[in-house]
Amino acid sequence: MSRRGRKTAAAFAAATALLLGALYANANAASVQDNPAAGHSAIPTSSATSTSSTTATTSVSDVVDAANTFLDTLDDDQQADVLLDFTEANATAWSNLPCGSTCRVGIELSTLSDTQLTAATAVVEAATGTDTGTGTGYDQISQILAADDVLGETASGYGSGNYYLAFLGTPSTSGTWQLHFGGHHLALNLTYKDGEVEGTTPYFVGVEPTSWTDDDGTSYAPLSGMRDGMLSMLEGLSDDELAEAKLSESYTDVLLGPDDDGDFPETKEGLAVSELTDDQQALVLDAMEPWVDVADDTTAASVLSTYKSELDETYISYSGTTGLDTQGGYVRIDGPGVWIEFVCQNGVVYQSQIHYHTVYRDHDTDYGGEFSF
């Protein structure tokens with residue numbers, strides 16, 4: 001990784017430590033686990049050694065204040081890169097690929113000073129879930145960037161500096177605007193309207209390697225909570241229910257990734273959650289939660305409550321095997337609102353291993369429901 005990439009990674013780590021009290025060690029000396037997909041929660045998702053978690057509550061005004069503080073650190077040219085119009089073209093400019101500014105908008109983290117990067121990090125932290133130690137929300141996002149630094153040690157084009165932040169529209173508690181942040185294996189799109197969170201999707205998150213250990217012995221597995229929730233949901237089904245849930249199609253990637261906005265299947269497939277017991281339905285709701293928790297804690301609780309009320313109209317399905325440990329392992333949750341996909345792919349950089357792609361969308365509130373697809 002270049003000196004610039006190392007500086008960005010170190011500054012991002014320092015900002016994370018300042019904001020959350022959890023120091024993410026430099027990923028540059030990381031060693032990848034030989035069998036990262038084996039078992040449930042074999043590697044902790046948190047950098048902390050304690051099993052306890054800490055929750056902080058933020059409001060939209062906190063996000064706006066953090067955004068304005070960040071803007072105050074920028075010169076005019078940098079502000080022009082960050083403050084963009086809330087158009088469909090800008091909102092949908094995201095990708096899971098390490099394609100830099102050719103496929104996304106905003107200011108590149110590697111161009112920021114340490115002070116600016118700390119302020120940028122504060123915006124993302126204020127806007128996302130803050131239950132540290134759970135591997136969701138800001139905790140997860142920080143680890144996705146760290147994973148890209150691991151890749152950057154082996155292959156070019158990867159690293160935590162190659163992520164972009166933009167505000168689509170002017171941050172305020174009275175208008176409509178979007179926080180747009182992402183890079184390789186990450187697309188965060190949070191839409192605000194009149195001081196409320198109007199949409200928390202699309203949220204694309206993936207990871208390669210699926211787990212690793214830093215030179216200080218700290219272990220990471222950013223998507224293990226998501227995988228474990230899906231596994232538990234499938235393991236709670238009987239053989240007959242699994243047969244009903246299995247899809248005839250095969251999948252090598254998510255169906256509704258970048259540039260697939262609005263392309264939800266017309267007919268829901270798989271097993272109706274209404275046919276399940278209360279305990280099985282609870283497992284479905286638990287499986288959704290790690291994705292929903294990308295939003296601030298208050299919003300996440302509200303969204304999850306909505307999805308709970310829609311469980312009787314929700315379907316679950318899978319393709320491939322149920323172990324989520326081989327190429328083509330795929331799980332889907334599809335409701336009136338919620339849409340979640342999790343898929344296993346062969347590794348790109350670590351070709352002897354699999355890696356994960358997932359996407360979380362909402363049938364009604366992608367991009368705050370501002371566009372028709």
Side-chain angles (χ1 to χ4, degrees), residues 55 57 60 127-131 134-138 140 187-193 196-205 223 225-237 241 244-245 247 254-257 260-318 330-343 358-370 373:
T55 301
T57 301
V60 174
T128 55
T130 56
D131 194 2
T134 65
T136 61
Y138 183 74
Q140 181 181 66
L188 175 70
N189 299 280
L190 299 174
T191 306
Y192 302 90
K193 185 173 184 178
E196 302 288 339
V197 180
E198 194 73 7
T200 62
T201 57
Y203 178 48
F204 185 103
V205 60
L223 267 62
M226 292 176 166
R227 176 177 176 268
D228 289 353
M230 290 298 201
L231 285 173
S232 294
M233 180 183 76
L234 293 177
E235 289 170 353
L237 302 179
E241 288 165 340
E244 189 172 351
L247 299 166
V254 296
L255 186 63
L256 296 184
D260 294 316
D261 299 292
D263 291 339
F264 298 99
E266 293 183 5
T267 303
K268 298 190 185 303
E269 299 178 278
L271 175 65
V273 176
S274 61
E275 298 178 13
L276 302 180
T277 66
D278 289 346
D279 288 344
Q280 290 173 314
Q281 290 189 6
L283 290 175
V284 175
L285 200 66
D286 288 346
M288 297 179 194
E289 189 168 1
W291 282 271
V292 175
D293 280 350
V294 66
D296 70 272
D297 306 326
T298 300
T299 298
S302 175
V303 171
L304 195 64
S305 177
T306 297
Y307 293 160
K308 182 178 181 179
S309 72
E310 296 173 344
L311 280 178
D312 281 349
E313 300 173 81
T314 298
Y315 286 72
I316 59 175
S317 56
Y318 77 99
Y330 173 90
V331 188
R332 178 192 303 170
I333 302 175
D334 182 15
V338 66
W339 171 277
I340 294 171
E341 299 176 82
F342 185 106
V343 67
T358 86
V359 71
Y360 163 40
R361 288 182 177 269
D362 189 288
H363 286 261
D364 300 315
T365 61
D366 271 5
Y367 310 105
E370 291 295 311
F373 299 103

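For clarity, every value in this text was computed on a predicted model and none was experimentally measured. All values below come from the heavy atoms of this structure, side chains included, with hydrogens, waters and symmetry mates left out.
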Give a yes or no on whether the backbone of E198 and the side-chain of T191 come within a donor-acceptor separation of less than 3.5 Å. no

Audit row: E370, K193, side chain to side chain contact (heavy atoms under 4.5 Å, CB included) steps and yes/no: CA-CA 10 Å; E370 291 295 311; K193 185 173 184 178; 4.2 Å; yes

Criterion side chain to side chain contact (heavy atoms under 4.5 Å, CB included) on I333 and Y307, from CA distance to verdict: CA-CA 11 Å; I333 302 175; Y307 293 160; over 6 Å; no

Side chain proximity check, Y203 to L188, heavy atoms < 4.5 angstrom: yes

To the nearest 0.5 angstrom, please state how far the CG atom of L255 sits from the OH atom of Y330. 5.5 Å

When you measure from the side chain of E275 to the backbone of A272, do you find a donor-acceptor pair of N or O atoms at a distance under 3.5 Å? no

Distance-minimising heavy-atom pair for Y192 and A127: OH-CB, 3.4 Å

For D362 and T201 the tightest heavy-atom approach is N-OG1, 3.4 Å

Test your reading of the model: is there a side-chain donor-acceptor pair from S302 to the backbone of T299, 3.5 Å cut-off? no

Using a 4.5 Å cut-off on heavy atoms from C-beta on, say whether the side chain of L304 contacts that of M288. yes

So which of L283, L237, I340, V331 actually passes side chain to side chain contact (heavy atoms under 4.5 Å, CB included) with I316? L237

With rounding to the nearest 0.5 Å, note down the distance linking CG in L271 to CE in M233. 9.0 Å

Can you check side chain to side chain contact (heavy atoms under 4.5 Å, CB included) on Y360 and T200, steps first, answer last? CA-CA 9 Å; Y360 163 40; T200 62; 3.5 Å; yes

If you look at every heavy atom in P202 and N189, which pair is closest and at what distance? O-ND2, 2.9 Å

Please test L223 against Q140 for side chain to side chain contact (heavy atoms under 4.5 Å, CB included), starting from the C-alpha separation and ending with a verdict. CA-CA 8 Å; L223 267 62; Q140 181 181 66; 3.8 Å; yes

Of all heavy-atom pairs linking S317 and G270, the shortest is CB-CA, 3.9 Å

Side chain of S232, backbone of D228: donor and acceptor closer than 3.5 Å? yes

Is a donor on one side and an acceptor on the other found under 3.5 Å between the side chain of Q280 and the backbone of G236? yes

What ring pair (Phe, Tyr, Trp, His ring centres under 6.0 Å) pairs are there with at least one residue in residues 261-282, not counting sequence neighbours? F264-W339, F264-H363

Check D364 against P336 and note the closest heavy-atom contact, atom names and distance. OD2-O, 3.9 Å

For M226 versus P290, what's the shortest heavy-atom pair and its separation? CG-CB, 3.7 Å

Residue pairs passing the salt bridge (Lys or Arg N to Asp or Glu O under 4.0 Å) test with at least one member in residues 332-343, sequence neighbours excluded, are K268-D334, E269-R332

If I take atom CG from residue D312 and atom CG from residue L276, how far apart are they, to the nearest 0.5 angstrom? 10.0 Å

Side chains of T128 and L190: does their closest heavy-atom pair fall under 4.5 Å? yes

Measure from the side-chain N and O atoms of R361 to the backbone N and O of G257, and report whether any donor-acceptor pair falls under 3.5 Å. yes

